[in-house]
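Beneath this line is the structure, given in structure tokens, with notes to follow.
Every chain is numbered from 1, with letters handed out A, B, ... down the list of sequences. In this text, all values refer to a predicted model and were calculated from it rather than measured experimentally.
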Amino acid sequence: MTKLQPVRGTRDLFGEEAAAFERVVSVFASVAKRFQFQPVSTPIFEFTPVFARTMGGTSDVVSKEMYVFEDRGGESLALRPENTAGIARAFLSNGWQQHTPLKVYAYGPMFRYERPQKGRYRQFHQIDAEVIGAAHPDVDVELIAMGHMLLSELGVAGSTALEINTLADPESRARYRTALTAYFQAHAADLSADSQARLDKNPLRILDSKDAGDCALCKDAPIIDDYVSDESGQFFETVLDGLKGLSIPFTRNRQLVRGLDYYSHTVFEFVTDALGAQNAVLSGGRYDGLMEQLGGPPTPGCGWAGGIERLAALAEVPQQEGVKIICIGMGAAAQAQLLPLSYQLRAAGLSVDVPTTGNFKKRMKRANAIGASHALILGEDELAAGQIGAKDLRSGEQQSLALDKTVEWAKSLQTEH
RNA sequence: GCGGGUGUAGCUCAAUUGGUUAGAGCGCUGGCUUGUGGUGCCAGAGGUUGCGGGUUCAAGUCCCGUCACUCGCCCCA
């Protein structure tokens, strides 16, 4: 480290980037509350088996991307690579069964040791929504609808598309997997090296390979619909009907597969082509077997996660409106007076700043630079007269008002907007 | 983990085929004018050209290594 550098794959956010990030979180919280989800927060590290057991040992996330370390007590801990396993663990640890069906939302940093790329970082942030303890397909629909509403309110619905598929129940999936393995085995010589490796690890993943040769083979591969049990098929139809009823557009993608072992039935992804190789912005599905893998009672669950960086990169940041006051004092006495005045204004709910550097002109320039709507000007003349100059920076009009009426004046601005 | 591209001031970029003291705009600081911005003028600060090594009389420029960013593979949000 010759120069002060951030750790590879981590970022420092400032200005528009930081504002866009914050906006994603606040719009998400607002939507989640309207769907009556409750906030939860779980630790950013867990005992390693929490992730290893739930996500599947064959997944790359667990096998080569986790930050695993031993703490001073000799325990193997892992920085969370995703949020669902931690929430499931919390559900069992704290007896949240008493609150089922539990609807919760969360957000925060996740960690994966990957090669950084556009939209892909080693510390990245996710928003997360989960419904635990409800097996009805309407739950899946509600979760997808919530994701769709979030994307709409962020202004990114137009640049994303919903893809959906079913992984069915474990028995159906096992039958499909056998058929798929047999098919690809017969064409193993034509598969890419990556897909040959996937053949015995996770043959479903071959379906979403980007290799042209693999894609050609996938066209004639068995499709899951022929292996789905009646019950699973009906479940999926109900989900699709629910989406139609809400006029949420979607595409059935029979090649859509999830990388994590705990998914079953509904899987979905909101994808975009605006982020290079990273096309998923929000995705999830049903994970009915997850709780049992953690040693808990059979408990259905469904949820999704969204990448905050990816959503923030797509969303446009709306122009800041509203009242923003900057106080300019000339002379030590006036400057000193602005400290209590700005405090009162802030207590009254206004956004106020008091610059301390630069001459008068520089301070006015700064007011523009930060997008202030009004300037309060206090000099020695005003101070002696018990007055203060109030200038509307958008119209250029300036008036003089009594110093002790400043808060009243500022409050009236708020109601105008 | 694998392959391609790129690293020059705080930011965006210049710098002939390797050739004197590496420049500009923006930003920053100060001043013109301790009192009026979004659109004036002047000045100043700020660089071991990512880092290390090599070739050469001479390297920002060529070569090797390394670190970081970036694009793709992979993986996934």
| task | Could you tell me which non-hydrogen atom of A:A280 sits nearest to which non-hydrogen atom of A:R310, and how far apart they are? | result | O-NH1, 2.8 Å

| remark: With the side chain defined as heavy atoms from C-beta on, A:Y263 is closest, among B:rC69, B:rG35, B:rA77, to B:rA77

| query | Can you tell me if the side-chain N/O atoms of A:K64 get under 4.0 Å from OP1 or OP2 in B:rG1? | reply | no

| query | Taking OP1 and OP2 of B:rC75, is either one under 4.0 Å from a side-chain nitrogen or oxygen of A:R198? | reply | yes

| query | Expressed in angstrom and rounded to an integer, what is the separation of A:Y113 atom OH from B:rC2 atom C1'? | reply | 14 Å

| said: Check the orientation of A:Y176 and A:Y227. Use parallel for under 30°, tilted for 30 to 60°, and perpendicular for over 60°. | reply: tilted

| note | Of A:V61 and A:K210, the one whose nearest nucleotide on RNA chain B sits closer to the 5' end is A:K210

| remark: Correct closest heavy-atom pair for A:T54 and A:Q293 would be O-OE1, 3.6 Å

| task | Could you tell me whether A:A280 contacts a base, only the sugar-phosphate backbone, or nothing, with contacts defined as non-hydrogen atoms closer than 4.0 Å? | result | sugar-phosphate

| task | Examine the base of B:rG38 for any acceptor or donor lying under 3.5 Å from a partner atom in the side chain of A:R366, and report the outcome as yes or no. | result | no

| query | Within this structure, what is the CD-to-C1' distance between A:E114 and B:rA77, rounded to whole angstrom? | reply | 10 Å

| message | Below the 4.0 Å mark, does B:rC76 have OP1 or OP2 next to a side-chain nitrogen or oxygen of A:R205? | response | yes

| Distance in angstrom units between A:D211 CG and B:rG72 P, rounded | 17 Å

| Counting any heavy atom closer than 4.0 Å, what does A:I377 reach on the DNA or RNA strands: base, sugar-phosphate only, or nothing? | base

| message | Categorize A:E82 for me: base, sugar-phosphate, or nothing, with a 4.0 angstrom heavy-atom threshold over every strand shown. | response | nothing

| query | Tell me: CG of A:D60 to P of B:rC76, nearest whole Å? | reply | 6 Å

| With respect to the side chain of A:Q117, which nucleotide from B:rC76, B:rA77, B:rC73 is positioned closest? | B:rC73

| said: Applying a 4.0 Å non-hydrogen cut-off, can you work out what A:G284 is touching in the nucleic acid: base, sugar-phosphate, or nothing? | reply: nothing

| remark: Rounded to whole Å, CD of A:E382 lies from P of B:rU36 at a distance of 12 Å

| task | Classify the nucleic acid contact of A:K361 as base, sugar-phosphate or nothing, counting any heavy atom under 4.0 Å across all strands shown. | result | base

| For B:rC41, the Watson-Crick or wobble partner whose two distances fall under 3.5 Å | B:rG31

| Looking for any heavy atom pair under 4.0 Å, which part of the strands does A:G329 touch: base, sugar-phosphate only, or nothing? | nothing

| Base, sugar-phosphate, or nothing for A:G389, non-hydrogen atoms under 4.0 angstrom? | nothing

| Residue A:R310, side-chain heavy atoms: nucleotide from B:rC74, B:rG30, B:rA77 that is nearest | B:rA77

| said: Heavy-atom nearest nucleotide on RNA chain B for A:N279 versus A:R115: which residue maps closer to 5'? | reply: A:R115

| query | Taking the six-membered ring for Trp, are A:F21 and A:H125 parallel (under 30°), tilted (30 to 60°) or perpendicular (over 60°)? | reply | perpendicular

| said: Can you classify the ring geometry of A:H187 versus A:Y183 as parallel (below 30°), tilted (30 to 60°) or perpendicular (above 60°)? | reply: tilted

| Sugar-phosphate, base or nothing in reach of A:Y107, heavy atoms under 4.0 Å | nothing

| Which nucleotide in the list B:rG35, B:rA77, B:rG37 gets nearest to the side chain of A:M364? | B:rG37

| query | Phosphate oxygens OP1/OP2 of B:rC69: is one of them under 4.0 Å from a side-chain N or O of A:R8? | reply | yes

| query | CG of A:D273 versus C1' of B:rG72: gap in Å, rounded? | reply | 16 Å

| query | With sugar-phosphate meaning primed atoms plus P, OP1 and OP2, does A:E269 contact a base, only sugar-phosphate, or nothing at under 4.0 Å between heavy atoms? | reply | nothing

| message | Rounded to whole Å, how long is the line connecting atom CG of A:L282 with atom C1' of B:rC76? | response | 13 Å

| Which atom pair, heavy atoms only, marks the closest approach of A:F124 to A:E309? | CA-OE2, 3.4 Å

| query | What do you reckon, are the aromatic ring centroids of A:F28 and A:Y107 less than 6.0 Å apart? | reply | no

| query | Out of B:rG37, B:rG35, B:rC75, which nucleotide sits closest to the side chain of A:M330? | reply | B:rG35

| Once you round it to whole Å, what is the distance between P of B:rC76 and CE of A:M66? | 13 Å

| query | Got a donor-acceptor pair under 3.5 Å from the side chain of A:K391 to the base of B:rU36? | reply | yes

| query | Does any donor-acceptor pair link the side chain of A:R120 with the base of B:rC74 at a separation under 3.5 Å? | reply | yes

